[in-house]
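As the structure is a prediction and not an experimental result, all values here were calculated from the model. Just follow the structure's listing: the first ligand is 1, and inside any ligand the first atom is 1.
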Amino acid sequence: MRTQVGIVGAGPAGLMLSHLLHLEGVGSVVLEARSRDHVERRVRAGVLEQGSVDLLVENGVGDRLNREGAVHQGINLQFDGERHRVPMTELTGRTITIYGQQEVVKDLVAARLAAGADIRFEVSDVRLDGLAADEPVIRFRHRGRAEEVRCDFVAGCDGFHGVCRDAVPAGVLRAYERGYPFAWLGVLARAAPAIDELVYCNHPAGFALYSLRSPEISRLYLQVRPDEDLAGWPDRRIWDELHRRLETGDGWVVNEGPVLEKGVTPMRSVVVEPMQWRRLYLAGDAVHIVPPTGAKGMNLALADVRLLGQGFAAWYAHRGTDLLDDYSRTALRRVWRAQHFSWWMTSMLHRFAEDDPYQERLQLSQLRYVVSSRAYATSLAENYVGLPTV
Ligand SMILES: Cc1cc2nc3c(=O)[nH]c(=O)nc-3n(C[C@H](O)[C@H](O)[C@H](O)COP(=O)(O)OP(=O)(O)OC[C@H]3O[C@@H](n4cnc5c(N)ncnc54)[C@H](O)[C@@H]3O)c2cc1C
């Protein structure tokens with residue numbers, strides 16, 4: 001089998017890239033380890049920056065997003081028992097949209113299949129060969145048979161635990177990392193959200209986030225230990241902890257409902273540089289991870305492939321190499337801005353040690369400064385809604 005761009009991974013990055021290439025008349029094959037059903041149900045991120053919404057809408061995959069996405073103009077910061085609103089749209093002129101990552105994936109899969117795309121779900125043993133000779137071949141197994149795709153380029157969009165990054169020889173890539181001494185316990189619940197904008201809460205017992213997916217579905221998070229065992233968190237304990245951290249005693253209460261899904265997500269920051277080696281281009285979680293506090297993961301993945309799509313389009317249109325040559329350098333500017341913002345939000349909102357009163361005072365001072373200074377609030381807001389490439 002031969003194609004122009006072989007894409008590994010059918011997450012937001014791989015699917016969007018395949019769609020953008022199709023619009024430019026460039027062929028691709030997408031290889032995905034999991035089933036279609038699995039990728040369409042995988043609950044992860046849910047905050048789209050305005051630039052991500054624009055990308056989806058302008059490229060014809062935003063109809064349902066426009067109908068069902070909830071446009072938000074602010075977020076709340078809660079600390080010291082008080083809730084303060086950051087009016088993001090007033091400060092920046094931009095908005096965010098709440099629309100689950102699995103919905104983005106469903107829309108992209110539907111658009112690709114309607115256009116006759118070749119997406120192979122449930123492939124295994126994916127291996128990249130021929131990169132050093134600039135003749136990439138992706139070998140894999142599908143329905144019990146060994147197969148291969150020969151291509152001009154490979155796009156490694158296979159997430160942090162994928163195989164593409166490891167196809168680069170040792171010593172070429174450098175990883176920059178930061179670990180955090182906590183994780184998030186995330187809950188999806190059939191409970192009407194008790195507030196229509198997100199609440200980021202710094203609490204002595206640990207961070208909590210009140211978020212939502214639709215008028216009937218709440219998405220809630222609690223800071224827990226990095227090695228937290230879900231078995232120790234029956235639903236009752238989760239709700240009790242959410243009430244304790246999020247309610248301020250003014251009569252507002254967290255609405256309860258059946259828990260549809262729960263899981264523990266480790267927190268870390270990673271950037272791998274450069275994002276390219278020869279004809280292998282890496283995008284999304286395959287080369288960078290952010291803690292979800294800044295809501296940047298899916299947005300970065302989409303921003304990467306926007307650049308990559310333009311680069312491949314220029315190459316096929318007139319053998320233009322400038323955009324592809326600059327891909328890593330350009331993408332990393334946005335990646336590092338998002339890294340800093342995600343680290344900053346994480347540092348300001350979480351408990352880092354059981355008992356560190358000095359740091360707690362610093363966090364509270366910083367939070368109070370953010371909500372009382374228009375300059376500082378604007379800085380938070382413009383990062384949250386997404387900066388143009390810097
Ligand atoms: C558990 C979890 C929870 C998250 N929660 C949030 C959140 O609440 N808020 C937030 O902002 N961000 C969150 N994120 C981050 C966000 O979801 C990611 O940044 C986003 O999914 C990145 O998209 P991607 O396409 O780069 O990678 P992915 O979505 O990871 O897609 C990669 C795809 O590659 C496939 N794949 C992997 N290995 C192979 C292989 N060898 N062969 C073929 N296919 C392969 C995978 O199955 C997957 O479909 C979360 C991430 C995780 C892992």
Atoms in ligand 1 with a heavy atom of [X] nearer than 4.0 Å:
{"X": "Gly9", "value": "33 (C), 34 (O), 35 (C)"}
{"X": "Gly162", "value": "38 (N)"}
{"X": "Val163", "value": "41 (N)"}
{"X": "Met298", "value": "19 (O)"}

Ligand 1 versus Arg44: contacting region, heavy-atom distance under 4.0 Å: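 Both backbone and side chain.
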
Name the closest protein heavy atom to [atom], giving the residue it belongs to and the distance to 0.1 Å.
{"atom": "atom 25 (O) of ligand 1", "result": "Ala13 N, 2.9 Å"}
{"atom": "atom 16 (C) of ligand 1", "result": "Gln101 OE1, 3.5 Å"}
{"atom": "atom 37 (C) of ligand 1", "result": "Asp158 O, 3.0 Å"}
{"atom": "atom 48 (C) of ligand 1", "result": "Arg42 NH2, 3.3 Å"}
{"atom": "atom 42 (N) of ligand 1", "result": "Val126 CG2, 3.5 Å"}
{"atom": "atom 44 (N) of ligand 1", "result": "Ala33 N, 3.1 Å"}

So that I can tick it off, tell me whether [Y] and [X] are bridged by a salt bridge, with the cut-off set at under 4.0 angstrom between side-chain N and carboxylate O.
{"X": "Glu273", "Y": "Arg174", "answer": "no"}
{"X": "Asp240", "Y": "Arg236", "answer": "yes"}
{"X": "Glu103", "Y": "Arg213", "answer": "no"}
{"X": "Asp125", "Y": "Arg127", "answer": "no"}
{"X": "Asp250", "Y": "Arg83", "answer": "no"}
{"X": "Asp152", "Y": "Arg2", "answer": "yes"}
{"X": "Arg143", "Y": "Glu122", "answer": "no"}
{"X": "Arg34", "Y": "Glu32", "answer": "no"}

Looking at ligand 1, is there an atom of it that comes within less than 4.0 Å of some heavy atom belonging to [X]?
{"X": "Arg219", "result": "no"}
{"X": "Val47", "result": "no"}
{"X": "Tyr221", "result": "yes"}

Looking only at non-hydrogen atoms, find the nearest pair between Leu55 and Asn59 and report the distance. O-ND2, 2.8 Å

For residues Cys151 and Val154, report the shortest heavy-atom separation together with the two atoms involved.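 Result for this residue pair: SG-CG2, 3.9 Å.
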
Between the candidates [options], which shows the shortest non-hydrogen contact distance to [atom]?
{"atom": "atom 26 (O) of ligand 1", "options": "Asp285, Leu31, Leu282", "result": "Asp285"}
{"atom": "atom 23 (O) of ligand 1", "options": "Gly11, Ala10, Pro12, Gly284", "result": "Pro12"}
{"atom": "atom 6 (C) of ligand 1", "options": "Ala45, Cys157, Ala283", "result": "Ala45"}
{"atom": "atom 46 (C) of ligand 1", "options": "Arg120, Glu122, Lys296, Glu32", "result": "Glu32"}

Qualifying residue for salt bridge (charged side-chain N to carboxylate O under 4.0 Å, His left out) with Glu49, from Arg94, Arg306, Lys296, Arg337: Lys296

I'd like to check whether [X] has a polar contact with ligand 1, where a contact means an N/O of the residue lying under 3.5 Å from an N/O of the ligand.
{"X": "Val8", "answer": "no"}
{"X": "Arg34", "answer": "no"}
{"X": "Trp184", "answer": "no"}

Here's a test for you: under ring-ring contact (aromatic ring centres under 6.0 Å, His included), which of Phe352, Tyr221, Trp184 qualifies with Phe207?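 The ring-ring contact (aromatic ring centres under 6.0 Å, His included) with Phe207 is passed solely by Trp184 among Phe352, Tyr221, Trp184.
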
Using the rule that two of Ile, Leu, Val, Met, Phe, Trp, Tyr join whenever any of their side-chain heavy atoms come within less than 4.5 Å, decide whether Leu349 and Tyr210 are in one cluster. no

